[in-house]
Amino acid sequence: MRLRRLLRCAALVLGLSAATAVAGPPVATADAADCHFYLLMQGHGGLIVDSACGFGEDGNVETCKSILVWANVTPQAVVDEACRLASLP
């Protein structure tokens, strides 16, 4: 079970790395910073959360929500608010 979780995490990190290599790294602006800060105040942080905020900033709100749910960010209202903050113009 632990090996399966490690393999899934490695696959996600490699997938996200490949996606950012093609599209370029997300540029951190105030919107992504708001998302990061909000999630840190809720007790969530890390590379996966940072990637989710970057996708939300680029307008991919569904991808942002999917990644945060996969990263076990709960409750759903926290996920919705973080992605909303990231996607603000």
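Tyr38 and Val73 fall within the same hydrophobic cluster, where Ile, Leu, Val, Met, Phe, Trp and Tyr residues are linked whenever their side-chain heavy atoms come under 4.5 Å apart, directly or through other members. Tracing side-chain contacts under 4.5 Å through hydrophobic residues (I, L, V, M, F, W, Y), one never reaches Phe37 starting from Leu47; they form parts of separate clusters. A continuous path of ILVMFWY side-chain contacts below 4.5 Å connects Val69 to Val78, so both sit in one hydrophobic cluster.
Atom OG1 of Thr63 is separated from atom CG of Asp58 by 9.5 Å, given to the nearest 0.5 angstrom. Separation of atoms CD (Gln42) and OG1 (Thr74) is listed at 10.0 Å; rounding is to 0.5 Å. Residue Ile67 holds its CD1 atom at 11.0 Å from CG of Asp50, rounded to the nearest 0.5 Å. With values rounded to the nearest 0.5 angstrom, Leu39 atom CG is found 8.0 Å from Cys83 atom SG. Distance CG/Leu40 to SG/Cys35: 9.5 Å, rounded to 0.5 Å.
Cys pair Cys53/Cys64: SG-SG separation is not below 2.5 Å.
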Could you go through Trp70 and Ile48, starting from their C-alpha distance and side-chain angles, then the distance that decides it, and tell me whether this counts as side-chain contact (heavy atoms from CB on, under 4.5 Å)? CA-CA 9 Å; Trp70 183 83; Ile48 295 174; 3.3 Å; yes
